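Quick note: residue numbers are just sequence positions, from 1. Each ligand, and each atom within it, is numbered from 1 in the order the structure gives. Because the structure is predicted, anything quoted here is derived from the model rather than measured.
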Amino acid sequence: MIRQKIVAGNWKMNGSKESIVSLISGLLEMDSSSSEVVVAPSFPYLSQVDGLISASSIVLAAQNVSQEVKGAFTGEVSTSMLGDFGVKYVLLGHSERRSLYGETNELVASKVKTVLDSGLTPMLCIGETLAERESGKTLEICEQQLQAVIDLVGIASFEQLVIAYEPVWAIGTGLSASAEQAQEVHESIRSFLAKSSESVSQKVQILYGGSVKASTSSALFQMPDVDGALVGGASLDAKEFIAIVKTAG
Ligand code: 13P
């Protein structure tokens, strides 16, 4: 099964009006790519980025969303608001949201449902901590995170979402999983999904995230079950991000 690669930049809580103009103008110099290129700015900059990328093939993502549709939820942002600014993907369950903001598997699942219902595409982040890996629980944790979503939205909905495997110990540490480590988990995720639906398991794109750089991405992208990358720090540098996109072909 040929799955299109996705290279997505999660800018996290970084950027300013000025720095974003220069980052996007750098990205617009990119040659056309067979991969889908995605950027995820903070909420206040979605409109600006939407305008700057409108004539390009770059796709917009948001970093989070409310599980509620609308109403008295001060400080929250809804899926329809994201849709107003051309957002296609919504990152959900990022480890920083899980660990710093207490997002449980159940809350993440309910956000996945809200995003699917709105017609946007969840980018569902899963992954284990270092302690969990060292105690041999990597797959158990990933499966629990996936199962909560399967229980709420059903396996068929996984055709409408993207998974990002982001081992927590590799995020922002400079310590990327090796291509073989990533492949091993991606393959296991696919086998786990295949227990519910073989065809869904073959279709779903699984990205790797955690200290991805141009020097490591090419080996990652050669792995049969790695369908792209979710890039943090390196996505803030246009040249580095373009170099990563190039290695995806
Ligand atoms: P880094 O690439 O900075 O490790 O961040 C990865 C990440 O969290 C992307 O969502």
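With no hydrogens or angles considered, a side-chain donor-acceptor pair links Ser217 and Thr247 at under 3.5 Å.
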Run the side-chain hydrogen bond (donor to acceptor under 3.5 Å, both in side chains) test on Tyr89 and Gln63 for me, step by step, so that the C-alpha distance in whole Å, both residues' side-chain angles and the decisive distance to 0.1 Å come before the verdict. CA-CA 9 Å; Tyr89 293 105; Gln63 297 175 17; over 6 Å; no

Chi angles and distances behind the side-chain hydrogen bond (donor to acceptor under 3.5 Å, both in side chains) call for Glu132, Trp169: CA-CA 10 Å; Glu132 288 160 349; Trp169 49 272; over 6 Å; no

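Within a 6.0 Å radius of CD in Glu143, more than 12 heavy atoms belonging to other residues, nucleotides or ligands are found. More than 12 heavy atoms of other shown residues, nucleotides or ligands fall within 6.0 angstrom of atom NZ in Lys213.
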What short N/O contacts, under 3.5 Å, does ligand 1 make with the protein, listed by atom pair and distance?
unit_1	atom_1	unit_2	atom_2	d
ligand 1	2 (O)	Ser211	N	3.4
ligand 1	2 (O)	Gly232	N	2.9
ligand 1	3 (O)	Gly233	N	2.8
ligand 1	4 (O)	Gly172	N	2.6
ligand 1	4 (O)	Ser211	N	2.7
ligand 1	5 (O)	Lys12	NZ	3.2
ligand 1	8 (O)	Lys12	NZ	2.8
ligand 1	8 (O)	His94	NE2	2.7
ligand 1	10 (O)	Asn10	ND2	3.0
ligand 1	10 (O)	His94	NE2	2.9
ligand 1	10 (O)	Glu166	OE1	3.2
ligand 1	10 (O)	Glu166	OE2	2.9

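Ring planes of Tyr208 and His186: tilted class, angle from 30 to 60°.
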